[in-house]
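Here is the structure we will look at.
Chain A is the first sequence line, chain B the second, and so forth, proteins listed ahead of strands; every chain is numbered from 1. Please read all numbers here as calculations on a predicted model, not as lab measurements.
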Amino acid sequence: MIDLKLLRDAPELLRDSLRRRGTDIDLDELIALEEQVRSLRQEAESLRAEQKEAGREIAALQGDEKQAAIDSVSQLAQKVKDANARVDELAAELDSKLLEVPNLVAEDAADGMTDADNLELRRLGTPASDGKDHAALGEALDIIDTERGAKVSGSRFGFLKGKGALLEFSLVRWAMDHLVAAGFTPMVPPVMVREHALEGTGFFPEAREQVYSIPKDELFLVGTAEVPLAAYHGDEIFDPEDLPIRYAGFSTCFRREAGTYGKDTAGIFRVHQFDKVEMFVFIDPEESAAEHDRLLEIEEQLVKELEIPYRVVNVAAGDLGASAVKKYDIEAWFPGEQNYREITSCSNTTDYQARRLRIRVRKESGNEVLHTLNGTACAVGRTILAILENHQQPDGSVVIPEALRRYTGFDSISA
RNA sequence: GGAGAGGUGGCCGAGUGGUCGAAGGCGCUCGCCUGCUAAGCGAGUAAGGGGUGAUUAGCCUCUUCGAGGGUUCAAAUCCCUCCCUCUCCGCCA
């Protein structure tokens, strides 16, 4: 949720951001509605104040006097009720419209509408000029089985098998160890959440169609640990010395991938279920921009350690999620595809999620909505694929990156 | 799944229709006192919104006692629905 003061005092800033996102929202209508709600609310409040005052007087009266007073106030009570009903109706309309307004866009976010407009910041490593793709490798090595995945669960599901499965646990522990050393607190959050957690993190209403739901129990499967981790501190107020709070959350992630028919159909690059280690930070507003760079640095260190060629892009404004003002993606080189593809992502969501979730910091000037950020430490599935493709050998085997061997217990995978 | 108990401020806990946003205690903050520590004394101490101010003052006002609805001139208190927590039994990875 954006700051209402922004709407009132600096609508141009907001208008400019919406334009950069290519979002079509009628700000003037919103501004007018907000003003209307505010003035109606004031009317209703002063009527209510009158009623409360009258009530206090009645409490002190007795007998006939009391009865007379009660009679005269009853019309006022009806007026208060009517006034509040009007306010509630308009306020609900305003709220639902506000929920659809995305966050501002950072000045230094890349311009453009699609991922084709992403701004490349740097490339590291030496991309291999050819190689098999992960689907072929995974099948040949018998560590990924998508055929039976489809049989059991449908398309976009797979089994990790043998050393492929062990690789998963090795990556999780390797990433966790890094994050613990960097001061993060490990977390295993619930992967089923209530609606408010998704609304609070900005996934609802914007990305509702990407989320699996369990209607009978009014629960939803999260697409990232960001959701439960953000909501974890909902409604809390922190002292400045408590911040920053950094969590390393492990969770399975569920995504419906609606609207991606025909994309990435081979292998398990794009699946409905995968595991991920996610960084999530609660921080003083002053520091979120610097923290965003720190998260990116951690992500780069991790990818470097796996000896995977990659590039960093500044994501185009039109391709940002509703809650992010700026986002960096790290794209790993995939030799089989001869292309860079996203394996991690980190976003500064500033006060957008924190305002919706009511998470604040107690500052001298009063309580202030704090800032939140999130970033992928290791999207396990895609990382496995990147390892397979970039560390494949001419003989068809795959060499495990040095840094990972103490976790895997083996140094290569062969058929 | 069955039976019961309960959800009040940072915490504990009182409050069953009328100056109750809420006794008391703990904690915390500031001041006083005490040559350390402890104790004592005094004052203060929820959040959010709106208005008016010089938007880190002050003042006015509304909302919030798990959530939502209802009754009433008036609801923490009465009624309805829902949610959550705890205990016992059953089942269970």
With both distances under 3.5 Å as the test, what is the Watson-Crick or G-U wobble partner of [N]?
| N | value |
| --- | --- |
| B/G10 | B/C26 |
| B/G17 | none |
| B/G68 | B/C80 |

Taking the [atom1] atom of each, how far is [N] from [M], in whole Å?
| N | M | atom1 | value |
| --- | --- | --- | --- |
| B/G66 | B/G21 | P | 16 Å |
| B/C65 | B/U8 | P | 12 Å |
| B/A23 | B/C82 | C1' | 31 Å |
| B/C20 | B/U77 | C1' | 11 Å |
| B/A43 | B/G25 | P | 12 Å |
| B/U61 | B/A3 | C1' | 48 Å |
| B/C83 | B/C11 | P | 25 Å |
| B/C79 | B/C59 | P | 40 Å |

Fill in: Residues touching RNA chain B, which here means a heavy atom under 4.0 Å, drawn from residues 70-83 of chain A
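Close to the strand are A/Ile70, A/Val73, A/Ser74, A/Ala77, A/Lys81.
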Discussion item. Using 0.5 Å steps for rounding, measure from the CG atom of A/Asp284 to the CG atom of A/Asp242.
Written reply: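 Between A/Asp284 CG and A/Asp242 CG, I get 12.0 Å after rounding to 0.5 Å.
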Side-chain donor-acceptor pairs under 3.5 Å in residues 94-102 of chain A, sequence neighbours left out?
residue: A/Ser96; atom: OG; partner: A/Glu93; partner atom: O; Å: 3.2
residue: A/Lys97; atom: NZ; partner: A/Glu29; partner atom: OE2; Å: 2.9
residue: A/Lys97; atom: NZ; partner: A/Glu93; partner atom: OE2; Å: 3.3

Practice prompt. Can you tell me the distance, in whole Å, between the CG atom of A/Asp235 and the P atom of B/C84?
Written response: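 Checked: the CG to P distance equals 17 Å.
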Worksheet item: To the nearest angstrom, how far is A/Leu357 atom CG from B/A47 atom C1'?
Response: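 It works out to 16 Å between those atoms.
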Of all pairs that satisfy side chain to side chain donor-acceptor pair (under 3.5 Å), the ones with a partner from [range], not counting sequence neighbours:
| range | value |
| --- | --- |
| residues 188-207 of chain A | A/Glu195-A/Arg208 |
| residues 399-415 of chain A | A/Asp177-A/Tyr407, A/Glu402-A/Arg405 |
| residues 312-324 of chain A | none |

Discussion item. Can you tell me how the ring of A/His233 sits relative to the ring of A/Phe238, calling it parallel under 30°, perpendicular over 60° and tilted otherwise?
Written reply: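 Rings of A/His233 and A/Phe238: perpendicular, over 60°.
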Discussion item. For A/Glu291, give me all partners under salt bridge (Lys or Arg N to Asp or Glu O under 4.0 Å), at least two apart in sequence or on another chain.
Written reply: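 A/Arg246, A/Arg294.
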Item to complete: Identify, with sequence neighbours excluded, every residue that meets salt bridge (Lys or Arg N to Asp or Glu O under 4.0 Å) alongside A/Glu53.
Response: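 Testing A/Glu53 for salt bridge (Lys or Arg N to Asp or Glu O under 4.0 Å), a comparison that skips the adjacent residues, returns A/Arg56.
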Discussion item. What's A/Arg194 touching, base or sugar-phosphate or nothing? Going by heavy atoms closer than 4.0 Å.
Written reply: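 Sugar-phosphate, backbone atoms only, no base.
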Discussion item. At 4.0 Å (heavy atoms only), tell me whether A/Glu57 reaches a base, stays on the sugar-phosphate, or touches nothing.
Written reply: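 The answer is nothing, as A/Glu57 stays clear of every strand by at least 4.0 Å.
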Fill in: Side-chain touch A/Phe274/A/Arg382, heavy atoms, less than 4.5 angstrom
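SC-SC contact between A/Phe274 and A/Arg382 ruled out.
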Fill in: Counterpart residues, side-chain contact (heavy atoms from CB on, under 4.5 Å), relative to A/Met113 (two or more places apart)
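For A/Met113, the residues satisfying side-chain contact (heavy atoms from CB on, under 4.5 Å) (neighbours in sequence not counted) are A/Asp117.
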Response to the item:
Per-nucleotide protein contact along nucleotides 48-65 of chain B, 5' to 3', at a 4.0 Å heavy-atom cut-off (B base, S sugar-phosphate only, - neither), is SBSS----B----SBS--
